Amino acid sequence: MDKGSPIAVFWFRRDLRLDDNAGLYHALKSGLPVLPVFIFDKEILGQLQDQDDARVTFIHQTIMELDRKLQKHGSGLLVLYDKPADAWSKLLNDFAVKTVYTNHDYEPAAKLRDEHIGKLLNMRNIPFNTFKDEVIFEKDEVVKDDGKPYTVYTPYQRKWYQTLKPFHLKAYPNKKYFNGFLKTGPFSIPSLQQIGFEKSDRIFPAIHYQDMIADYAEKRNFPAIEGTTHIGLHLRFGTVSIRELVRTASKHSEKTWLNELIWREFYMMILHHFPGTADHAFKPEYDRIKWVNDEAQFEAWCGGQTGFPLVDAGMRELNATGYMHNRVRMVAASFLTKDLLIDWRWGEQYFARKLLDYELASNVGGWQWSAGCGTDAAPYFRIFNPNTQLTKFDPALTYIKKWVPEYADFSKYPKPIIDHAFARERCLKIFKEALAS
């Protein structure tokens, strides 16, 4: 391999697949041999608290598989462990990089990183080409008639459907151009230990959504049933194409499941237009709430020891598997923010640490929805009763028996850490005071 020959670089991030990948397609069509690169970002990894963080294991396994596929085409994945700017300085010194391709990332920190890398490349007159890949519609593509962003989901969803055309769902025919990869042979890929992590023993969900979506509307609210697709992890790291998912849902007219994908795009659009909502209430007056923030109660919530079985089952499922059923996420989040009056940001950060499918826009959006301070049009006095939610969605206690087996013996199960009726009245009072001030 002649390191003086001009090449294009494709930078993998949240798009860890070779097929139907927008930025990679454009790189392969550029006419230059394409060097595929992945950077284990020291700045991101340094913020993780757990050495066996399962998401790092998942990424590592995925890039090893990507590398195996690339080797079949005489190429390989160059994997660097560094700060992005330092990794790029090394790349530009080692290769005659003429142009760089990647896909958009919408999170505030990622946008700052890309701005910085774009400037670094620009200083060397190297174009930085980025493409839409992880959503069907981004930024200003679905807005009100006056060009302003939607801040309520239902009208956004309506406009999303009106805007959708068949060409939005067309797959990029990457396979046609696989001979465009730079012929390198395999590179040495750093091990998990070399980047400071240990292998997680978590079991990662397969991509099997097609089996699930036909009954999704009927089954999705019952945590004891295998009724959801667990596709979030694959969407988060781009091991599946959003175009493929929406095509499948549209073909089968599975609107309920498709609407959940649209929620994801809605929250990404909100985060793009209102980046401050990553750590501040969408409705600023809600930042005046006087949270109680009892640390002992927070620890009980984290450990699934609140004395409310549906909340505890959900938290234990999360701690054991990295997943929590969506209905239970809403109940657990409502309980933390409304019953315990603990700042939604505490819960958001705990989910960020534990969820396999953690994705900033959706997690923040969901937490603010539960706390009543987000984009949701419903008033703050919607407070889930965890006991009636249990009766409604796990009437046979199947989910509870799995995750809270001691619930059957009242002498072993903790007493409720708060009275729900008292907590509800207290919440209404505190919220009213904050909004009136």
Side-chain angles (χ1 to χ4, degrees), residues 216 219-228 230 232 256 260 263 267 291-292 294 297-352 354-355 357-358 362-374 376 378-405 407 413-428 431:
Y216 179 78
K219 294 182 176 178
R220 68 181 181 134
N221 275 309
F222 299 94
I225 298 172
E226 282 292 321
T228 60
H230 290 234
T256 307
E260 293 300 313
W263 266 109
Y267 282 141
W291 302 105
V292 172
D294 183 306
Q297 289 187 339
F298 181 64
E299 288 303 314
W301 178 83
C302 292
Q305 298 290 336
T306 67
F308 289 84
L310 189 57
V311 173
D312 292 344
M315 297 307 295
R316 294 183 195 186
E317 180 185 28
L318 173 65
N319 292 331
T321 69
Y323 171 80
M324 192 195 298
H325 187 275
N326 194 51
R327 165 61 55 177
V328 187
R329 290 186 198 196
M330 291 192 284
V331 175
S334 174
F335 181 80
L336 185 76
T337 56
K338 303 284 181 67
D339 285 59
L340 301 184
L341 277 178
I342 288 174
D343 193 326
W344 64 268
R345 283 161 281 226
W346 289 29
E348 196 277 330
Q349 285 164 17
Y350 192 75
F351 274 25
K354 295 291 184 179
L355 278 173
D357 62 9
Y358 172 73
S362 294
N363 200 50
V364 164
W367 272 97
Q368 292 212 30
W369 183 92
S370 295
C373 63
D376 187 42
Y380 65 84
F381 44 79
R382 176 195 51 215
I383 300 171
F384 283 121
N385 181 323
N387 297 320
T388 56
Q389 289 283 309
L390 173 62
T391 307
K392 192 170 179 183
F393 296 112
D394 190 33
L397 301 181
T398 310
Y399 181 68
I400 300 305
K401 286 171 188 169
K402 179 175 181 178
W403 292 109
V404 192
Y407 180 61
Y413 186 58
K415 298 274 188 296
I417 61 173
I418 201 160
D419 175 72
H420 176 69
F422 157 78
R424 186 177 188 283
E425 291 309 310
R426 179 181 68 167
C427 174
L428 293 172
F431 273 55

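Quick caveat: nothing in here was measured; it's all calculated off a predicted structure.
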K.L.:
Quick one: do the Tyr407 and Asp312 side chains pair a donor with an acceptor below 3.5 Å?
P.N.:
no
K.L.:
Side chains of Arg329 and Phe351, heavy atoms from C-beta outward: is any pair under 4.5 Å?
P.N.:
yes
K.L.:
Drop me the distance from Arg316's CZ to Lys402's NZ, to the nearest 0.5 angstrom.
P.N.:
13.5 Å
K.L.:
Going by the side-chain contact (heavy atoms from CB on, under 4.5 Å) test, name the single residue among Lys338, His420, Arg327 that passes it with Phe384.
P.N.:
Arg327
K.L.:
Within the distance-only criterion (no hydrogens, no angle test), does the side chain of Tyr413 pair as donor or acceptor with the backbone N or O of Phe308 below 3.5 angstrom?
P.N.:
yes
K.L.:
Could you give the distance from CZ (Phe335) to CD (Gln297), rounded to the nearest 0.5 Å?
P.N.:
7.5 Å
K.L.:
Nearest 0.5 Å, please: how far is CZ in Arg424 from CG in Asn385?
P.N.:
9.0 Å
K.L.:
How many angstroms lie between CG in Asp339 and CZ in Phe422, if you round to the nearest 0.5 Å?
P.N.:
10.5 Å
K.L.:
Could you list the residues that satisfy side-chain hydrogen bond (donor to acceptor under 3.5 Å, both in side chains) with Glu348, not counting sequence neighbours?
P.N.:
Tyr358, Asn363
K.L.:
Mind telling me whether Tyr323 and His230 have parallel, tilted or perpendicular rings, with 30° and 60° as the class edges?
P.N.:
parallel
K.L.:
Tell me, with the steps shown, if Glu317 and Val328 meet side chain to side chain contact (heavy atoms under 4.5 Å, CB included).
P.N.:
CA-CA 10 Å; Glu317 180 185 28; Val328 187; 5.6 Å; no
K.L.:
If I compare all heavy atoms of Leu355 with all of Leu318, which pair ends up nearest, and what's the gap?
P.N.:
CD2-CD1, 3.5 Å
K.L.:
Ser370 side chain to Gly366 main-chain N or O, any donor-acceptor pair under 3.5 Å?
P.N.:
yes
K.L.:
Between Asp343 and Leu336, what is the shortest heavy-atom contact and its length?
P.N.:
O-CD2, 4.4 Å
K.L.:
Name all residues meeting the ring-ring contact (aromatic ring centres under 6.0 Å, His included) criterion together with Trp369; count only those two or more places apart in sequence or in a different chain, and write none if there are none.
P.N.:
none
K.L.:
Are Tyr267 and Trp263, when compared by the centres of their aromatic rings, separated by less than 6.0 Å?
P.N.:
yes
K.L.:
Measure from the side-chain N and O atoms of Asp394 to the backbone N and O of Ile400, and report whether any donor-acceptor pair falls under 3.5 Å.
P.N.:
yes
K.L.:
Are any of the side-chain heavy atoms of Arg220 and Thr256 separated by less than 4.5 Å?
P.N.:
yes
K.L.:
Evaluate the side-chain proximity of Leu390 to Val331: yes if any heavy-atom separation is below 4.5 Å, no if none is.
P.N.:
no
K.L.:
When you compare the side chain of Phe431 with that of Leu341, does any pair of heavy atoms fall below 4.5 Å?
P.N.:
yes
K.L.:
Provide the closest heavy-atom pair for Val404 versus Pro309 in the form atom of the first, atom of the second, distance.
P.N.:
CG2-O, 3.9 Å
K.L.:
Verify, without hydrogens or angle tests, whether Thr391 (side chain) and Asn387 (backbone) share a donor-acceptor contact under 3.5 angstrom.
P.N.:
yes
K.L.:
Quick one: does Ile418's side chain get under 4.5 Å of Leu340's, heavy atoms only?
P.N.:
yes
K.L.:
Sub-3.5 Å donor-acceptor pair from the side chain of Thr398 to the main-chain atoms of Ala224, do we have one?
P.N.:
no
K.L.:
Hey, what do you get for CZ (Arg382) to OG (Ser334), rounding to the nearest 0.5 Å?
P.N.:
8.0 Å
K.L.:
Would you mind reporting whether Tyr399 and Phe222 have side-chain heavy atoms less than 4.5 Å apart?
P.N.:
no
K.L.:
Do you know the tightest heavy-atom contact between Ala332 and Trp301?
P.N.:
O-NE1, 3.1 Å
K.L.:
Any idea which heavy atoms bring Gly227 and Lys219 closest together, and the distance?
P.N.:
CA-CB, 3.8 Å
K.L.:
Strictly distance-based, threshold 3.5 Å: is any side-chain N or O of Asn319 a donor or acceptor partner for the main-chain N or O of Met315?
P.N.:
yes
K.L.:
As an exercise, state the distance from CG of Asp357 to CE of Met324, rounded to the nearest 0.5 Å.
P.N.:
10.5 Å
K.L.:
Taking all atoms of both residues into account, what is the closest heavy-atom pair of Pro414 and Gln305, and its distance?
P.N.:
CG-OE1, 3.4 Å
